[in-house]
There are 2 protein chains.
Amino acid sequence: MSKQQEKSQQTRHELEAAAIRLFGQKGFLETSIAEITSSAGYSKGSFYRHWESKGELFLQIIEDKLKSYREQRDGQHPKARDLDEAMGAIWDFLETIIDDNDWSRIFLEFTMHATRNKALRQALNQGAYRLSNELFASLVGEHVDSGYPPEKIGALNTALFEGFLIHSALGTGVLNKTDVRRAALLLARSNALKSNAE
Amino acid sequence: MSKQQEKSQQTRHELEAAAIRLFGQKGFLETSIAEITSSAGYSKGSFYRHWESKGELFLQIIEDKLKSYREQRDGQHPKARDLDEAMGAIWDFLETIIDDNDWSRIFLEFTMHATRNKALRQALNQGAYRLSNELFASLVGEHVDSGYPPEKIGALNTALFEGFLIHSALGTGVLNKTDVRRAALLLARSNALKSNAE
DNA sequence: TGTACATCAGTGAACGCGCGTTCACTGATGTAC
DNA sequence: TGTACATCAGTGAACGCGCGTTCACTGATGTAC
């Protein structure tokens, strides 16, 4: 790699790091390009040598985040022996997202934004920017003996998870991670296992 | 009331109605004042005779919506005889919000926005712009015999509810109202009743 | 009932501001010979 | 190794646009006498 390329890549990384920090702190709309570049020690114009627009950088960061979450997930738990283990694996994973405080908020905001944008909405529903549905179905699916559709169990689990993210973002402090995990497990058991069925 | 006052009030109502429709369709940021006034058949400047800012109108609309939800709620179910009835009453109420499609989305967005604003966050946590927590605690509280904190049951129920709103807004269609209601009941039972406790 | 003046509702052009994006430019690095 | 030129990274002033807000103005309504 030439000296120029090295310099360019270095700059790109510095700008990206500043953007990750600022987007996380203040959100997409509230973070300006001038803030990103000046906080990294560059001029406003330098941004456009590296990305075509602010939105492009944001999407790239989101994709990178998801990729790293996914890698973390796939490296873990290869298979679970029963429902409790499957749910444990899922929530170990979800907790890493919960712990990435700033960014779980951004993901929620992004999800809400996608709500109004057809292309993004499809991307989310197909899992491109979403972590969940197929995972739940495949991990939990084989441990369902009640006949209840696994994708519904997955969707309910996601609902509980995302609802908890809202709760956390508001900082009410009534619930903690253990509470939701436990609740999610109870819910999955009630729906998935014959012995708990109504 | 004088002729002038009548005219003014009429205009105010027409602007408000246009705003409710447009905010609901497109959200707060994406709706401009020019759109509101021209869609109601007035000029841009007329807006400021009725409200100080776009934000003020938005908050007023939200407050009105919540007030009407609350009135509807309070008119209904005076008391429940057991947990199932209490949950039934709560979800009858929540379903009216779910059915107000556009606005349940707006409430979510508003909630997410409040996340970044201290004053709003406090207002939400104190229930000013939120529907839920004390209601659940008071309605469900007396039917908990497991010792599990009623406010946690309420918060988990809210999480499931708001997570479902996200799910609906994305239009995946995996879950319907009946699914969540049922799930919420299962969850509440598991947590509130001794016989279902682990 | 009429007149003079004040107040009000609504108009629409103009202002101001933030901010994303562009662009002509500079100095450093790379390339051809 | 040196020279001439091309290409690149980064600069920062300027542009453009949308949009919330202001303001001088008009015509209608209200008030005082």
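Below, chains carry the letters A, B, ... as their sequence lines are ordered, and counting in each starts from 1. Predicted, not measured: the structure shown is a model, and the values here were computed from it.
A donor-acceptor pair shorter than 3.5 Å cannot be found between the side chains of B:Gln10 and B:Glu6. Side-chain atoms of A:Thr11 and A:His50 include no donor-acceptor pair closer than 3.5 Å.
Of all the residues in residues 5-32 of chain A, A:Thr31, A:Ser32 reach under 4.0 Å from DNA chain C with at least one non-hydrogen atom. Contacts between residues 47-56 of chain A and DNA chain C, counted as heavy-atom distances below 4.0 Å, involve A:Tyr48, A:Ser53, A:Lys54. Contacts between residues 36-43 of chain B and DNA chain D, defined by a heavy-atom separation below 4.0 Å, involve no residue at all.
At least one donor-acceptor pair closer than 3.5 Å links the side chain of B:Arg116 to the backbone N or O of A:Gln25.
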Given side chain to side chain contact (heavy atoms under 4.5 Å, CB included), test B:Asn157 with B:Met87 step by step and report yes or no. CA-CA 10 Å; B:Asn157 193 72; B:Met87 290 298 293; 3.2 Å; yes

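Stem list for DNA chain C (at least 3 consecutive Watson-Crick or G-U pairs, distances under 3.5 Å): C:2-33 with D:2-33.
Residues passing the side-chain contact (heavy atoms from CB on, under 4.5 Å) test with A:Ala169, sequence neighbours excluded: A:Arg105, B:Thr115. Checked against ring pair (Phe, Tyr, Trp, His ring centres under 6.0 Å), A:Phe23 has the following partners two or more places apart in sequence or in another chain: A:Phe28, A:Phe58. Residues satisfying the side chain to side chain donor-acceptor pair (under 3.5 Å) criterion with B:Trp103, sequence neighbours excluded, are absent altogether. Applying the salt bridge (Lys or Arg N to Asp or Glu O under 4.0 Å) rule to A:Arg181 yields the partners A:Asp92, A:Glu95; only residues at least two apart in sequence or on another chain are considered. For B:Glu85, the salt bridge (Lys or Arg N to Asp or Glu O under 4.0 Å) partners at least two apart in sequence or on another chain are B:Arg81. The salt bridge (Lys or Arg N to Asp or Glu O under 4.0 Å) test applied to A:Lys7 returns no partner, not counting sequence neighbours. Every residue two or more places apart in sequence or in another chain was checked for a salt bridge (Lys or Arg N to Asp or Glu O under 4.0 Å) with B:Glu30, and none qualifies.
A salt bridge does not link B:Asp102 to B:Arg21: none of the charged nitrogens lies less than 4.0 Å from a carboxylate oxygen.
Ring geometry for B:His167 versus B:Phe164: interplanar angle under 30°, hence parallel rather than tilted (30 to 60°).
Residue B:Tyr69 is tested with B:Thr96, B:Asp100, B:Asp64 for a side chain to side chain donor-acceptor pair (under 3.5 Å); the sole match is B:Asp100.
A nucleotide of DNA chain C counts as in contact with chain B when one of its atoms lies under 4.0 Å from a heavy atom; the first and last such, 5' to 3', are C:dC8 to C:dA14.
Using a 4.0 Å heavy-atom cutoff across all strands shown, B:Lys44 reaches at least one base atom of the nucleic acid.
Residue whose closest nucleotide on DNA chain C sits further toward the 5' end, between B:Gly45 and B:Gln4: B:Gln4.
Rounded to the nearest 0.5 Å, atoms CD1 (A:Ile33) and CG (A:Leu22) are 12.0 Å apart.
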